[in-house]
Amino acid sequence: MIVAKSIAECRAVRAAMGDSLGFVPTMGALHEGHLSLVHESKRRATKTAVSIFVNPTQFGPKEDFSKYPRPIDEDLLMCREAGVDFVFLPEPIDIYPTDAAKMTIEFPELFGVLDGVHRPGHFAGVCQVVAKLFNIVLPSVACFGQKDYQQLAIIRAMVKALDFPVEIVGCPTHRDPDGLAMSSRNRYLSTSERDRALAISRSLFAIRDTAARGQRDVVVLAKQLQDGLLDGWQSPVKVDLQYGAIVDVDTLQPIDRIDHAAQALVAMKVGSTRLIDNVRLTIGHG
Ligand code: PAF
């Protein structure tokens, strides 16, 4: 496995990889969820590249950029064992030279809801770095997790709007056996916080069942979701529910009734750790 640390090195390695290159952009602290993206990339392309870069521009001033885990040796080992062909491992100064003009990409409707409201500037930072990484790595396919549902929708919109010649693949959320969606931030959770965090997947699965049984009224489903998330009276752990919302699967805008399908999304702080998760709601009948 080759590790390219500069843009020039990365371009040279990429040129030797041929037309079919799958790409998994990450911020490191890799887990099984990332590996499932690598496996999907390997199914779809001859070679696979992973980037590991904790992108400063997608963190707000009060967020966890400096404490974000950076277990780089473990990450490289996991990539090697998963059969990754090359890793791009730049420094912030390579991606954001101090003399470069500032540039942002914006999608007002997709940025104006959910995490876009709670993390101002986050998606502009994500688009900025993903656009740059696509132009440096030049993948033919790129794999992203559906756990970051809004991010995936925004990246699809960016690729369409800017005509990037990249196929975007959304991969299913990887969960621990008890349902908790895998996230690099789960390692911040204490045992009691982790127990409290299980309300997120449980409540999402519960409304998925209610919708499958025919409940189309979003007010009813959203109340069931929020009640489930906040029903933690036995737990000493403090939570801050930022949203528990049911929206259109493509536009992410609020809806009143589910016609066929909708997306339910949650962001909740458990202790000081902000967690997100989502599920697809599909009406069975009714
Ligand atoms: O999903 C992530 O890990 C990041 O947002 C990404 C896509 C690697 C951009 O920094």
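Every number for a ligand or one of its atoms is a count from 1 in the order of the listing. Note that the structure is predicted; figures quoted are calculated from it, not measured.
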At what distance is the nearest protein heavy atom to [atom], and which residue and atom is it?
atom                    : result
atom 10 (O) of ligand 1 : Gln58 OE1, 2.6 Å
atom 1 (O) of ligand 1  : Gln151 NE2, 2.8 Å
atom 3 (O) of ligand 1  : Met27 CG, 3.7 Å

Where ligand 1 meets Val129 - atom numbers and elements under 4.0 angstrom, heavy-atom basis: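 What qualifies from ligand 1 is 9 (C), 10 (O).
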Please state which part of Thr26 comes within less than 4.0 Å of ligand 1, counting heavy atoms only: side chain, backbone, both or neither.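 The answer is the backbone.
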For the pair Asn55 (side chain) and Gly125 (backbone), establish whether a donor and an acceptor sit closer than 3.5 Å, ignoring hydrogens and angles.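 Checked: pair present.
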Charged N to carboxylate O below 4.0 Å: is that the case for Asp231 and Arg202?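 Salt bridge between Asp231 and Arg202, a charged N being under 4.0 Å from a carboxylate O: no.
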With a 4.0 Å cut-off, would you call Lys5 and Glu9 a salt bridge?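 Glu9 and Lys5: not salt-bridged.
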Ignoring hydrogens and geometry beyond distance, is a side-chain donor-acceptor pair present between Gln146 and Arg280 at under 3.5 Å?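 No - no donor-acceptor pair under 3.5 Å links their side chains.
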Does one side chain, of Thr273 or Glu193, offer a donor that lies under 3.5 Å from an acceptor on the other?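 Absent: no donor and acceptor within the cut-off.
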